[in-house]
Amino acid sequence: MDGWGAVAAAVLPSIGVGLIFWYAMRALVNADRREREEIARMDAQARESGDL
């Protein structure tokens with residue numbers, strides 16, 4: 001390999017790992033956001049019904 005092939009072979013694995021990390025972090029952040037929204041909704045529902 002020489003030229004652009006060597007550059008691509010050196011850079012593509014890092015880009016792939018970076019994309020996998022980004023996707024995993026995005027999934028974690030979205031799951032946390034949905035959990036917080038659901039807890040807030042349940043708290044509001046409990047306050048309305050007088051359970052708290």
task = Return the set of residues passing side-chain contact (heavy atoms from CB on, under 4.5 Å) with Gln45 (not counting sequence neighbours), or none when no residue passes.
result =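 Applying side-chain contact (heavy atoms from CB on, under 4.5 Å) to Gln45 gives Arg41.
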
Worksheet item: Excluding sequence neighbours, so at least two apart, what forms side-chain hydrogen bond (donor to acceptor under 3.5 Å, both in side chains) with Arg34?
Response: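 For Arg34, no residue satisfies side-chain hydrogen bond (donor to acceptor under 3.5 Å, both in side chains) once neighbours in sequence are set aside.
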
- Tell me, please, which residues at least two apart from Arg26 pass salt bridge (charged side-chain N to carboxylate O under 4.0 Å, His left out).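 Once residues adjacent in sequence are excluded, Arg26 has no partner under the salt bridge (charged side-chain N to carboxylate O under 4.0 Å, His left out) criterion.
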
**Partners passing salt bridge (charged side-chain N to carboxylate O under 4.0 Å, His left out) against Glu37 (at least two apart in sequence or in another chain)** =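 Salt bridge (charged side-chain N to carboxylate O under 4.0 Å, His left out) check on Glu37 returns Arg33.
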
Could you list the donor-acceptor pairs under 3.5 angstrom formed between side-chain atoms of residues 3-22 and any protein atom two or more places apart in sequence or on another chain?
none

